[in-house]
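Below is one structure, written out as structure tokens; the observations come after it.
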There are 2 protein chains.
Amino acid sequence: MPFKTPRKPAARPAPRKGRRKAVPEPYHHGNLREALLAAGIQLLKEQGAEALGLRELARQAGVSRTAPYRHFESRDALLAGIAEQGFVKLREVLLEARHQHESDHERWFLEAARAYIGFAFGYAEHFKLMFGGYMKYEPGQHTSLHDAGNGAFQTLVDLIVASQESGLVMKGDPMAVSIAAWSTLHGFCSLAVHKRLDFLVENPELLSKTADLVARTCLEGVRARK
Amino acid sequence: MPFKTPRKPAARPAPRKGRRKAVPEPYHHGNLREALLAAGIQLLKEQGAEALGLRELARQAGVSRTAPYRHFESRDALLAGIAEQGFVKLREVLLEARHQHESDHERWFLEAARAYIGFAFGYAEHFKLMFGGYMKYEPGQHTSLHDAGNGAFQTLVDLIVASQESGLVMKGDPMAVSIAAWSTLHGFCSLAVHKRLDFLVENPELLSKTADLVARTCLEGVRARK
DNA sequence: CCGTCATGTAGACGACGTCAACTTATCGCG
DNA sequence: CGCGATAAGTTGACGTCGTCTACATGACGG
């Protein structure tokens with residue numbers, strides 16, 4: 001290599017100085033897979049999904065451009081790995097709403113809705129990656145991404161089932177009702193992160209009023225009819 | 001009206017065979033801008049937005065790779081032009097629901113919802129292009145795309161305002177209420193076209209039941225409280 | 001008839017994803 | 001302890017893409 005551009009001194013974690021191996025630090029880089037995911041998550045937040053190139057991520061991790069192929073079979077697979085982290089996080093915030101308000105189903109419902117909206121606005125680019133058309137989302141491919149997505153969805157289904165049993169939410173196929181409720185939340189978030197509600201975002205007060213209205217609409221839409 | 005694709009001859013319209021000029025055939029190609037949009041719409045339907053490359057569209061229109069720059073300042077602008085056609089079409093189907101059921105607001109509401117869902121499923125790739133992150137959607141850029149989008153949205157606002165006046169839909173800022181209602185529809189469609197509801201689509205009967213539930217949920221969510 | 005401008009063309013550049021072939025470091029086994 | 005197998009990383013190449021610049025062409029107005 002003619003010149004090695006100093007690029008990223010903060011890349012490789014110095015191959016085991018001390019002789020005792022507290023942590024394995026297995027191979028050349030140490031843990032390139034995790035480093036790529038971390039760099040990807042950072043870059044996603046800063047510059048959006050378009051900026052997530054294999055070569056760019058490799059650069060950020062301080063390795064050569066094809067090194068990622070040892071850990072991800074394609075760019076799609078790398079994006080899927082990043083998106084997967086998003087679903088894990090989304091599930092966490094939904095579970096938190098549950099643990100804080102599980103006894104009051106209406107409160108649980110509304111807080112879960114707010115948590116979903118909060119996630120979408122707080123991790124807008126991640127949200128777009130998770131639900132947009134940035135990578136293939138076919139069954140059979142990226143199974144752990146599907147698992148993570150289903151895991152997040154399951155927290156909504158749990159909420160709906162519990163709310164049906166307590167009489168808050170209408171009876172009917174829990175899947176269908178969950179989707180109907182989810183759709184309201186998701187539609188609002190999807191429109192917002194894709195800048196289709198700019199006339200709202202310019203007005204933070206109206207935005208938060210609308211977000212609250214959406215959360216209530218979400219509940220009223222599936223509330224048990226008297 | 002580039003939306004209908006009556007099977008283009010796929011190449012240049014033969015530079016003046018006969019000597020008499022029946023149709024003007026104005027410039028070199030004739031009407032490259034419309035040809036590019038038409039080819040784009042066709043390709044979008046067949047292969048999705050990823051396939052919409054400037055060079056590929058030029059190929060389909062039978063011109064050299066940089067010719068499109070005479071009519072669109074960038075790939076983004078070309079995508080915006082194609083998306084714009086989608087908003088025009090969407091507005092049309094929403095207006096049709098209006099004209100057929102304008103006297104019965106509940107019917108109008110439900111048919112508009114079905115029309116929206118029908119558009120999303122019938123023109124899934126177009127829908128993704130219109131609402132996904134495939135191009136910049138900043139205010140000030142692609143103004144005619146914004147106009148078309150706002151035109152389609154306005155049909156929903158009109159519906160909400162009329163329904164508020166007749167007491168079908170809750171009072172409140174018409175924008176906020178429109179967005180809440182729109183969100184339900186849009187979320188369902190967005191999830192579906194992005195293949196997040198595959199367990200539904202495998203089951204056409206459940207799918208249509210859920211679509212109906214979503215349309216009703218959309219109304220119940222904003223119905224005037226008794 | 002001629003100049004001008006809109007329209008279309010050709011070449012080049014740097015980015016990208018991916019493949020094949022190569023090198024290097026680590027670990028398991030005798 | 002040493003050695004081969006193999007996981008991890010590198011280099012070079014190929015074809016694609018969007019876009020820039022310079023150039024060619026054809027239609028229309030004076």
Side-chain angles (χ1 to χ4, degrees), chain A residues 1-5 7-8 11-17 19 21 23-37 39-40 43 47-82 134-136, chain B residues 11-17 19-21 23-37 39-40 43 47-82 134-136:
Chain A
M1 59 199 98
F3 1 18
K4 160 171 284 197
T5 12
R7 262 292 164 208
K8 269 283 183 178
R12 312 165 86 128
R16 285 285 87 222
K17 312 184 83 160
R19 49 194 49 161
K21 21 155 73 171
V23 181
E25 291 278 6
Y27 287 102
H28 307 155
H29 173 282
N31 201 345
L32 182 54
R33 190 191 156 90
E34 298 305 317
L36 288 168
L37 289 177
L43 195 61
Q47 306 196 221
E50 324 270 309
L52 293 177
L54 267 185
R55 292 162 110 108
E56 177 60 28
L57 270 321
R59 231 170 276 137
Q60 303 250 345
V63 294
S64 79
R65 54 205 193 288
T66 54
Y69 281 98
R70 299 295 150 185
H71 302 274
F72 299 94
E73 90 179 333
S74 66
R75 175 175 182 265
D76 247 39
L78 179 43
L79 294 194
I82 296 172
Y134 294 96
M135 68 225 161
K136 301 281 169 237
Chain B
R12 322 186 50 162
R16 297 277 82 234
K17 310 179 79 170
R19 46 197 50 162
R20 62 179 59 248
K21 25 157 62 174
V23 182
E25 293 277 4
Y27 286 101
H28 306 155
H29 173 280
N31 200 345
L32 183 53
R33 190 189 156 90
E34 297 303 317
L36 287 168
L37 290 175
L43 194 61
Q47 305 195 223
E50 325 271 309
L52 292 177
L54 267 185
R55 293 162 110 107
E56 178 60 29
L57 269 321
R59 232 170 274 138
Q60 302 249 344
V63 294
S64 79
R65 52 214 189 311
T66 52
Y69 281 97
R70 299 296 151 186
H71 302 274
F72 299 95
E73 91 179 332
S74 66
R75 175 175 182 264
D76 247 39
L78 180 42
L79 295 194
I82 296 172
Y134 294 97
M135 68 226 162
K136 301 283 171 236

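Predicted model only: the values in this text are computed from it and were never measured. Residue numbers start from 1 in every chain, and the chains themselves are labelled A, B, ... in the order their sequence lines are given, proteins ahead of strands.
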How many Å lie between [atom1] on [X] and [atom2] on [N], as a whole number?
{"X": "Asn31(A)", "N": "dT26(C)", "atom1": "CG", "atom2": "P", "value": "14 Å"}
{"X": "Arg33(B)", "N": "dG8(C)", "atom1": "CZ", "atom2": "P", "value": "13 Å"}
{"X": "Leu36(A)", "N": "dA8(D)", "atom1": "CG", "atom2": "P", "value": "13 Å"}
{"X": "Leu78(B)", "N": "dC17(D)", "atom1": "CG", "atom2": "P", "value": "14 Å"}
{"X": "Glu34(B)", "N": "dT7(C)", "atom1": "CD", "atom2": "P", "value": "13 Å"}
{"X": "Leu79(A)", "N": "dC16(C)", "atom1": "CG", "atom2": "C1'", "value": "13 Å"}
{"X": "Leu57(A)", "N": "dT18(C)", "atom1": "CG", "atom2": "C1'", "value": "16 Å"}
{"X": "Leu43(B)", "N": "dC17(D)", "atom1": "CG", "atom2": "P", "value": "11 Å"}

Identify whether any heavy atom of Arg75(B) sits under 4.0 Å from a base atom; if not, whether one sits that close to sugar-phosphate; answer base, sugar-phosphate or nothing.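 The residue Arg75(B) makes sugar-phosphate contact but no base contact.
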
Are Arg70(A) and Leu32(A) close enough, and set up right, to give a side chain to side chain contact (heavy atoms under 4.5 Å, CB included), and what steps lead you there? CA-CA 9 Å; Arg70(A) 299 295 150 185; Leu32(A) 182 54; over 6 Å; no

If you look at every heavy atom in Leu36(B) and Phe72(B), which pair is closest and at what distance?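 Reported closest heavy-atom pair: CD1-CE1, 4.0 Å.
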
Any idea which heavy atoms bring Arg75(B) and Leu52(B) closest together, and the distance?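 Reported closest heavy-atom pair: NE-O, 2.9 Å.
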
Answer with yes or no whether [X] presents, from its side chain, a donor or acceptor under 3.5 Å of a partner atom in the base of [N].
{"X": "Arg70(B)", "N": "dG8(C)", "answer": "yes"}
{"X": "Thr66(A)", "N": "dT11(D)", "answer": "yes"}
{"X": "Arg65(B)", "N": "dG8(C)", "answer": "no"}

Can you figure out which of [options] approaches the side chain of [X] most closely?
{"X": "His71(A)", "options": "dG9(D), dT7(C), dA10(C)", "value": "dG9(D)"}
{"X": "Tyr69(B)", "options": "dG8(C), dT19(D), dA13(D)", "value": "dT19(D)"}
{"X": "Arg55(A)", "options": "dA10(C), dG18(D), dA13(D)", "value": "dA13(D)"}

How many angstroms lie between atom OG of Ser64(B) and atom CZ of Arg55(B), to the nearest 0.5 angstrom?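 Between atom OG of Ser64(B) and atom CZ of Arg55(B) there are 10.0 Å.
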
Nearest-0.5 Å distance that lies between atom CG in Leu57(A) and atom CD1 in Ile82(A):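 It comes to 5.5 Å.
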
